[in-house]
Amino acid sequence: MPAPSLIFISRDDRYPRWHPALEAALPGIEVRCWPDGEEPRAGITYAIVWHPPHGVLARFPGLKAIFSVGAGVDHIFADPELPQHVPVVRLVDETLTGQMSEYVVLHVLRHHRRQPEYDAQQTDRVWRVLPCPPAADRRIGILGLGVLGLDAARKLKALGFSVAGWSRSKKDEPGIECYSGREELPAFLASCDIAVCLLPRTPETRGLLDAQMLAHLPWGAALINAARGGLVDEEALLAALENGRIGGATLDVFAAEPLPQDHLFWRHPRVTITPHIAAITNPASAARIIAANIERIEAGQTPLHIASRDRLY
Ligand SMILES: NC(=O)c1ccc[n+]([C@@H]2O[C@H](COP(=O)([O-])OP(=O)(O)OC[C@H]3O[C@@H](n4cnc5c(N)ncnc54)[C@H](OP(=O)(O)O)[C@@H]3O)[C@@H](O)[C@H]2O)c1
């Protein structure tokens, strides 16, 4: 059997940060970077990818697995020529999960403790105390109770918040009120003082939080989107911020990234923007996880965390 070899495919400049991590985690495996190391294509057995250009993965007939650089795999399933027989593997990394929960806890606390309003008061040199309910009376709702959503939900619960979650399949998580399915989404949203989106982007979730759905949130609710742009209808969100349905939003992801210079979000007084940094993959830990999965495949086992071809996440 020929020795395994690996190609890293990304449209941006992240490879120099990955190269030493891959060499350390995968001694003995030849590592190349697309497009320079593309030939000969038949000998490449693994691909690690971030937003691979459409059609490129189909050029490698020897692939045994395609690994995502991040937790989401929407950027891989977007390729209409994606080889059908090759498993697409999600990144599940506790370093990444921990970072996402930090982001969620940070921004939930900001909204809960009304920090954006105190920031505005400071600009105007205003000394005024704003009422704040105890954490147990603040209802946090997490859309997506997967690897990231569940970790964030548990950490928020540990801080004393009232936590609910919504997913495709019903969950049974102690201390967390679990909703599932489209039919329970309006009731779930109605119970969220702060809604946190941690859903994957799929054909089913794209545009999910549109005007109709946002209108189920209580007046003045906060929205945190750390998942993907495209899940929240940005025009509808702006309208909901204007009419007061949404009191504040923290947005890490957008329909177009980088967020265009003339986008109204930039200067909106009740919007906090971060540049898609909620959870950034750590190449060292991710390379070790990918290496362990390659070891499994080479030993004839199924890799862990294969994304579903039916659900597309
Ligand atoms: N901003 C950033 O820096 C950043 C970083 C990493 C990840 N992300 C995003 O976070 C997403 C979530 O990651 P993860 O690892 O937690 O994914 P995951 O483990 O696959 O969990 C996804 C969750 O969403 C639920 N879900 C999916 N489709 C649904 C639908 N149509 N209706 C209701 N619930 C649905 C799933 O329900 P079931 O449990 O029933 O399957 C699951 O609970 C990623 O896909 C990525 O887009 C963002």
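FYI, the numbering just counts along the sequence from 1. Remember, it's 1-based here, ligands and their atoms both numbered in the order they're listed.
Under 4.0 Å from any atom of ligand 1, one finds heavy atoms of residues Ala71, Gly72, Arg90, Met100, Gly144, Leu145, Gly146, Val147, Leu148, Trp166, Ser167, Arg168, Ser169, Lys171, Leu198, Leu199, Pro200, Glu204, Thr205, Ala226, Ala227, Arg228, Asp252, Val253, His276, Ala278, Ala279, Tyr313.
Pairs passing the ring-ring contact (aromatic ring centres under 6.0 Å, His included) check and including a residue from residues 78-106, sequence neighbours excluded, read Tyr103-His107. Evaluation of the ring-ring contact (aromatic ring centres under 6.0 Å, His included) test over residues 270-313, restricted to residues two or more places apart or in two chains, returns none.
Taken together through direct or relayed side-chain contacts under 4.5 Å among Ile, Leu, Val, Met, Phe, Trp and Tyr, Leu82 and Val89 form parts of separate hydrophobic clusters. Grouping the Ile, Leu, Val, Met, Phe, Trp and Tyr side chains by contacts below 4.5 angstrom, directly or via other members, places Ile9 apart from Trp18.
Considering only residues two or more places apart in sequence or on other chains, Phe77 meets the ring-ring contact (aromatic ring centres under 6.0 Å, His included) condition with none of them.
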Tell me, with the steps shown, if Lys64 and Tyr46 meet side chain to side chain contact (heavy atoms under 4.5 Å, CB included). CA-CA 6 Å; Lys64 296 184 194 176; Tyr46 298 102; 3.5 Å; yes
